[in-house]
Participant: 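Please find one structure pasted underneath; my questions will follow.
Numbering of residues begins at 1 and proceeds along the displayed sequence. Indexing begins at 1, ligand by ligand and atom by atom, following the structure's order.
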Amino acid sequence: MYNIRELKPDLFWVGGVDRRLALFENMFPLPDGITYNSYLIRDEKTALLDTADSSISRQFLENVQAALAGRPLDYLVINHMEPDHCANIDELCLRYPDLKLVGNKKTFQLISQFYELDIAGRTIEVKEWDELNLGQHRLTFGFAPMVHWPEVMFTYEQTEGWLFSADAFGSFGALAGNLFADETDFDRLYLDESRRYYCNIVGKYGVQVQNALKKFADKPLNMILPLHGPIWRQNLAYFLDKYQHWSTYQPEKAGVVLVYASMYGNTENAVDLLANQLAQRGVADLRVYDLSKTQASYIIADAFKYSHLVVASPTYNSQLYYGMENLLREMAALNLRGRKAAVLANGSWAPQAQRYMTELLGSMKNTEILAEPVIIHSAVKAEQQQQLLALADSLTASVKATEL
Ligand code: FEO
């Protein structure tokens with residue numbers, strides 16, 4: 001049975017949810033599923049904005065048919081060509097023979113790469129800020145290359161101020177009937193997952209996100225309609241401010257994320273001792289992660305959120321414990337920068353981990369290492385305990401001096 005919602009007169013949500021998918025992009029855990037949003041405008045002409053993932057094709061196609069209420073589909077606007085949003089283009093072309101595909105040059109290049117689909121005579125290739133008039137509703141297109149892929153564009157509905165923002169402003173998590181952010185307890189249910197989605201999926205492209213935000217800065221915005229997660233119709237400034245922080249790599253909060261690798265608990269012990277000392281000095285809201293237990297996307301999201309990062313790892317095969325190496329490389333690849341950091345290393349006979357962690361942190365722009373690494377030889381002894389106290393002093397002073 002179709003499952004649609006009229007968001008505003010003429011505007012319908014025709015997407016769907018997948019609570020079964022375990023890993024987004026076969027990489028990022030989805031404990032609460034994912035939503036694929038798609039929108040249909042029913043005007044003198046009808047336009048669908050993006051399709052959906054193949055996992056929900058049946059529901060999605062029923063939804064489109066229901067929202068059309070017997071009308072043909074005139075346009076499919078393709079804001080993003082990643083398969084989680086474009087899996088139904090070929091089926092729509094079969095169902096609606098006069099359907100025109102609206103995209104840019106790169107959109108059509110990607111269609112021909114992904115699909116065996118004859119699109120000759122079906123395409124409307126738009127240049128930036130071209131207009132597509134549906135009747136009451138006039139669409140225009142702001143290109144947002146690399147927010148997440150090169151063909152991405154945002155579609156702006158000029159009459160009502162609706163921004164169809166592709167992956168930007170998205171979130172992990174299946175929506176629970178409440179499609180609008182203001183219908184949910186957003187901070188409790190979706191803020192962390194929005195951050196985790198942003199940092200891990202789009203985090204590398206902060207500059208490009210900034211460029212896209214600037215393009216729309218002077219346009220009235222009454223709704224932001226992303227391809228995943230809640231829709232924004234109230235308090236847009238709140239979420240725009242989050243995007244301002246994330247895309248400029250500014251921490252949201254002064255605080256410390258401590259992440260460790262530990263084979264037998266001794267490096268873990270050092271981190272717990274340090275966390276205890278930080279807490280006693282008044283540092284609140286500490287985050288401690290065992291990277292072998294917590295999947296990297298969660299740790300990275302908190303590294304984006306907080307101002308300080310402590311990394312702790314044993315030496316392994318004369319190098320760095322593999323999980324720590326992967327985590328730090330991933331953070332660097334996502335362009336995390338501007339953090340204050342500290343290093344704890346363990347090595348029973350030839351500690352090397354401090355060198356690799358320092359190098360990897362050094363590859364993150366404007367990241368400052370606050371103190372000499374604390375080096376543990378197998379387990380914390382009195383000497384390292386003193387060093388941890390000193391490190392707790394410097395970290396605390398730095399956290400308290402952080403101005404956001
Ligand atoms: Fe949800 Fe970049 O696709």
Participant: Using atom 1 (Fe) of ligand 1 as the vertex, how large is the angle between OD1 of Asp167 and NE2 of His228, rounded to 10 degrees?
Facilitator: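 About 100°, to the nearest ten degrees.
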
Participant: For the CD atom of Gln295 and the CD1 atom of Ile300, what is their distance to the nearest 0.5 Å?
Facilitator: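 Atom-to-atom, Gln295:CD and Ile300:CD1 are 7.5 Å apart.
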
Participant: Taking the six-membered ring of Tyr298 as reference, does the cationic atom of Arg196 (NZ for Lys, CZ for Arg) lie under 6.0 Å from its centre and within 45° of its axis?
Facilitator: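 Yes - Arg196 lies over the ring of Tyr298, closer than 6.0 Å to its centre and within 45° of its axis.
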
Participant: To 10°, measure the ND1(His148)-atom 2 (Fe) of ligand 1-OE1(Glu82) angle for me.
Facilitator: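 Approximately 80° at the metal, rounded to tens of degrees.
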
Participant: Any chance you could measure His85, atom NE2, to His148, atom NE2, to the nearest 0.5 Å?
Facilitator: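 His85 NE2 to His148 NE2: 9.0 Å, rounded to 0.5 Å.
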
Participant: Give the C-alpha distance, both sets of side-chain angles, the deciding distance and a yes or no for salt bridge (charged side-chain N to carboxylate O under 4.0 Å, His left out) between Asp192 and Arg195.
Facilitator: CA-CA 5 Å; Asp192 286 347; Arg195 184 186 300 103; 2.9 Å; yes

Participant: Closer than 2.8 Å to atom 1 (Fe) of ligand 1, do we get an N, O or S atom from His80, backbone or side chain?
Facilitator: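 Not a single backbone or side-chain N, O or S atom of His80 is under 2.8 Å from atom 1 (Fe) of ligand 1.
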
Participant: Checking only N/O/S atoms, does His85 have one that is under 2.8 Å from atom 1 (Fe) of ligand 1?
Facilitator: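 Of the N, O and S atoms in His85, at least one lies under 2.8 Å from atom 1 (Fe) of ligand 1, which means yes.
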
Participant: Would one find more than 12 heavy atoms of other residues, nucleotides or ligands at under 6.0 Å from atom CZ of Arg58?
Facilitator: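 Not more than 12 within 6.0 Å, no.
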
Participant: Do any of the N, O or S atoms of Asp84 sit under 2.8 Å from atom 2 (Fe) of ligand 1?
Facilitator: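 No, Asp84 does not qualify, because none of its backbone or side-chain N, O or S atoms lies under 2.8 Å.
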
